[in-house]
Number of protein chains: 2
Amino acid sequence: MSNYREQFKKLLKQNGLKITAQRLEVPSVLASCPDKHLTAEEIYELVKVGCPDIGLATVYRTIQLLLELSVIDRINLDDGCVRYEIGNLGAGPEKHHHHHLICVECGKVTSFEDDLLEELEEKIERTTGFSIVNHEVKLYGICKECGGKLLEKK
Amino acid sequence: MSNYREQFKKLLKQNGLKITAQRLEVPSVLASCPDKHLTAEEIYELVKVGCPDIGLATVYRTIQLLLELSVIDRINLDDGCVRYEIGNLGAGPEKHHHHHLICVECGKVTSFEDDLLEELEEKIERTTGFSIVNHEVKLYGICKECGGKLLEKK
DNA sequence: GTCCATGCAAATGATTTGCAGTATC
DNA sequence: GATACTGCAAATCATTTGCATGGAC
């Protein structure tokens, strides 16, 4: 949907923030590759296409802003750099998807269904009295495709 | 057990590595606070007590070594610095415990039972064909104690 | 005696910050 | 026109690396 941009502008206004080309471009880049998990540097390179004079510091500042507004999510794959992906604006604050399957063979990152986690969290809340508000789950393993390829080789 | 140190010495020898005071001191510090999740800097400060001339670089090098030998585990709580905790030497490579409950009120970090996760992982393997070999799970929320205190205030 | 390991200082790489100029409201 | 935002360069912070010295085997 292209009213994504309008929603975002409204969000900036609501928070007393100014609408600038830079602030529009960063989420636009993230939204254009929803499953890519880009680093700040990668975002910088892509943003420069539509906004050639932008500085890296502004990219970082905008990322910070977008995180605070929950427009984007931070992902840490422990590969030395933090990554970001577009969140689902307007879907409500409960709709995180900080849970990834990471293939140790090809590096591909995919998500899995929320509801599987909800079950786990319910059980933990019951057994520990800990009330869960957010999560970050990374499962490392071998994806279907790589598993198939490894079998072929044998 | 104090044969922990002997086990570790054996491990070094097996890998053709030299036994030095520094290499003995770092895991010793980690073992003395098993649930503390120390940063490299914190380890450095503690190691200096028994080994005053050690350099920070050696701490980092030793940590790297211990990670490779699976003597310690890395934990990233996304608070800007990586933390480490002693692993269970000799309990076999399958015994990770990279799954934590993090209280957003008091910052306390605890672990939860493995078997709850195993169930989740089984389900995911069945539904996605992804074969899981390791995990890092962080659940953010409010611990029992803080939950109680918050209720009292009302 | 031979190398591996260490300490120190300098290098690195991601991220942040200070500041003067610039654009938004 | 006031003030928030930006770009640049310098600063920061955790971690790594080069190199000459020192210690383990």
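These numbers were taken from a predicted model, which means no experiment stands behind them. Heavy atoms only: backbone and side chains are in, while hydrogens, waters and symmetry mates are out. A note on names: the letters A, B, ... follow the listed sequences, proteins ahead of strands, and every chain is numbered from 1.
Counting only heavy atoms from C-beta on, K18(A) has its side chain closest to dT24(C) among dT24(C), dT16(C), dT6(C). Listed candidates were dC5(D), dA5(C), dC25(D). Nearest to the side chain of R23(A) is dC5(D).
Protein atom CG of L24(B) is 13 Å distant from nucleotide atom C1' of dA5(C), rounded to whole Å. Between R83(A) atom CZ and dA14(C) atom P the separation is 11 Å, expressed in whole Å. Atom CD in Q22(A) sits about 14 Å away from atom P in dT22(C), given to the nearest Å. With rounding to whole Å, L66(A) atom CG is found 15 Å from dT15(C) atom P. To the nearest angstrom, P of dT15(D) lies 14 Å from OH of Y44(B). Here the C1' atom of nucleotide dA14(C) and the CZ atom of R74(A) are 12 Å apart, to the nearest Å. When rounded to the nearest whole Å, the span between CG of L17(A) and P of dA23(C) equals 19 Å. As rounded to whole Å, 13 Å separates atom C1' of dG23(D) from atom CD1 of I19(B).
Distance alone, capped at 3.5 Å, places no donor-acceptor pair between the H135(A) side chain and the V137(B) backbone. Within the 3.5 Å criterion, the main-chain N or O of K18(B) finds a donor-acceptor partner in the side chain of R23(B). Not one N or O on the side chain of K138(A) forms a donor-acceptor pair closer than 3.5 Å with the backbone of I75(A). A donor-acceptor pair under 3.5 Å links the side-chain atoms of E125(B) to the main chain of I132(B), judged by distance alone.
Across all strands shown, E41(B) has no heavy atoms under 4.0 Å from either base or sugar-phosphate atoms.
Distances shorter than 4.0 Å separate none of the side-chain N or O atoms of Q64(B) from OP1 or OP2 on dT15(D). At the phosphate of dT6(C), OP1 or OP2 sits under 4.0 Å from a side-chain N or O atom of T20(B).
By the neighbour-count criterion of 12 heavy atoms within 6.0 Å, atom NZ of K36(A) is sparsely surrounded, having that number or fewer from other residues, nucleotides or ligands.
For the atom pair CD1 (I142(A)) and CG (L101(A)), the distance works out to 13.0 Å, reported to the nearest 0.5 Å.
Contact check of residues 47-63 of chain A against DNA chain D (heavy atom, cut-off under 4.0 Å) returns D53(A), I54(A), G55(A), A57(A), T58(A), R61(A).
The side-chain heavy atoms of R74(A) and E136(A), taken from C-beta on, include no pair separated by under 4.5 Å.
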